[in-house]
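Read the structure below first, then the notes.
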Amino acid sequence: MKVLPPTMRENKRYLAFELIADGQVSRDELIREIFSASGSLLGDLGSSECNIWLFAFDDLKGVVSCEREHVWQTRAVLATITNVKGKRVSFHILGVSGTVLGATKKYLAGVDVFNPEEQSHINE
C-alpha cells in the first residue's frame, strides 16, 4: 500500500503532558485508561474522530497525538482521568505542537521521550 502524500494526510496535533501521580504508572495501564475515558466521554464515534494515541510515555512525561480539530475534546478526555489502577493521577498539559519533535524540544526539554536518532530506522 502506498504512503499518502502530505496534502492528503490528516493533520495531527501533539500534546506534551506531565502526569502527576502517587506512584509509577506503566504505559499499558495509561493507554487502557485513556481509551476507557475516551469511550465513556465521547462515545465510539467521538473517540474514532479524535484518534487519540499515546505516542510516547517515559518517566511520567509523554506525548499524546490527536486530530487537529479535536484538541479540546482530547484535553477533556485527559482531564477526566483521575486514577490509574488505584493510583491517583492528574494530567498537566504542558503545550500543544504541530510536530512531535517540536513538542519534545519546546515542552519536554531534558526528557528523552522522542529521540530522532533512535527512530531513524522507521524511514528506511
Handout entry: Inter-residue atom distance Ser90.OG - Asn83.CG, 0.5 Å rounding
Key = 12.0 Å

Problem - Minimum side-chain heavy-atom gap Val77-Gln73 below 4.5 Å - result: no

Practice task
Look up atom CG in Leu45 and atom CD in Glu49, then write down how far apart they are to the nearest 0.5 Å.
Solution key: 4.0 Å

Handout entry: Side-chain heavy atoms of Leu30 within contact of Phe91, under 4.5 Å
Key = yes

Practice task
Return the minimal non-hydrogen interatomic distance between Ala103 and Ala16, and the atom names on each side.
Solution key: O-CB, 4.2 Å

Exercise for the section: Hey, could you give me the CG/CD distance between Leu4 and Glu10, rounded to the nearest 0.5 Å? Expected result: 9.0 Å

Exercise for the section: Could you check Phe17 against Phe57 for side chain to side chain contact (heavy atoms under 4.5 Å, CB included), going step by step and ending with a plain yes or no? Expected result: CA-CA 9 Å; Phe17 69 89; Phe57 181 68; 3.7 Å; yes

Practice task
Could you walk me through whether Glu67 and Lys12 pass salt bridge (Lys or Arg N to Asp or Glu O under 4.0 Å), step by step?
Solution key: CA-CA 5 Å; Glu67 294 300 321; Lys12 292 190 177 282; 3.7 Å; yes

Exercise for the section: Check whether any side-chain heavy atom of Ser65 lies under 4.5 Å from a side-chain heavy atom of Ile52, and answer yes or no. Expected result: no

Completion exercise
Output for pair (Tyr14 OH, Trp53 CH2), nearest 0.5 Å, gives 12.5 Å

Handout entry: Whether over 12 other heavy atoms sit under 6.0 Å from Asn11 CG
Key = yes

Exercise for the section: Indicate yes or no: at least one non-hydrogen side-chain atom of Ile20 is less than 4.5 angstrom from one of Val89. Expected result: no

Problem - Pairwise side-chain contact, Leu54 with Arg27, heavy-atom cut-off 4.5 Å (strictly under) - result: yes

Practice task
Might you confirm whether atom CZ of Arg88 has over 12 heavy atoms from other residues, nucleotides or ligands at distances under 6.0 Å?
Solution key: no

Problem - Arg13 side chain to Val96 backbone, donor-acceptor under 3.5 Å - result: no

Handout entry: Close side-chain approach of Thr74 and Val64, heavy atoms under 4.5 Å
Key = yes

Exercise for the section: Kindly determine whether Val63 and Leu108 satisfy side chain to side chain contact (heavy atoms under 4.5 Å, CB included), including the steps that lead there. Expected result: CA-CA 9 Å; Val63 177; Leu108 299 174; 3.9 Å; yes

Handout entry: Side chain to side chain, His70 and Leu42, heavy atoms closer than 4.5 Å
Key = no

Exercise for the section: Decide yes or no on side chain to side chain contact (heavy atoms under 4.5 Å, CB included) for Ile34 and Ile81, but give the supporting numbers first. Expected result: CA-CA 7 Å; Ile34 288 173; Ile81 298 172; 3.7 Å; yes

Practice task
Decide yes or no for Val100 and Phe55: does some side-chain heavy atom of the first lie under 4.5 Å from some side-chain heavy atom of the second?
Solution key: yes

Completion exercise
Rounded to the nearest 0.5 Å, the CZ atom of Arg75 sits from the OG1 atom of Thr80 at a distance of 13.5 Å

Exercise for the section: Show the numbers, then the answer: is there a side chain to side chain contact (heavy atoms under 4.5 Å, CB included) between Leu19 and Lys61? Expected result: CA-CA 6 Å; Leu19 190 66; Lys61 293 187 181 183; over 6 Å; no

Handout entry: Within 6.0 angstrom of Lys87 NZ, more than 12 heavy atoms from elsewhere
Key = yes

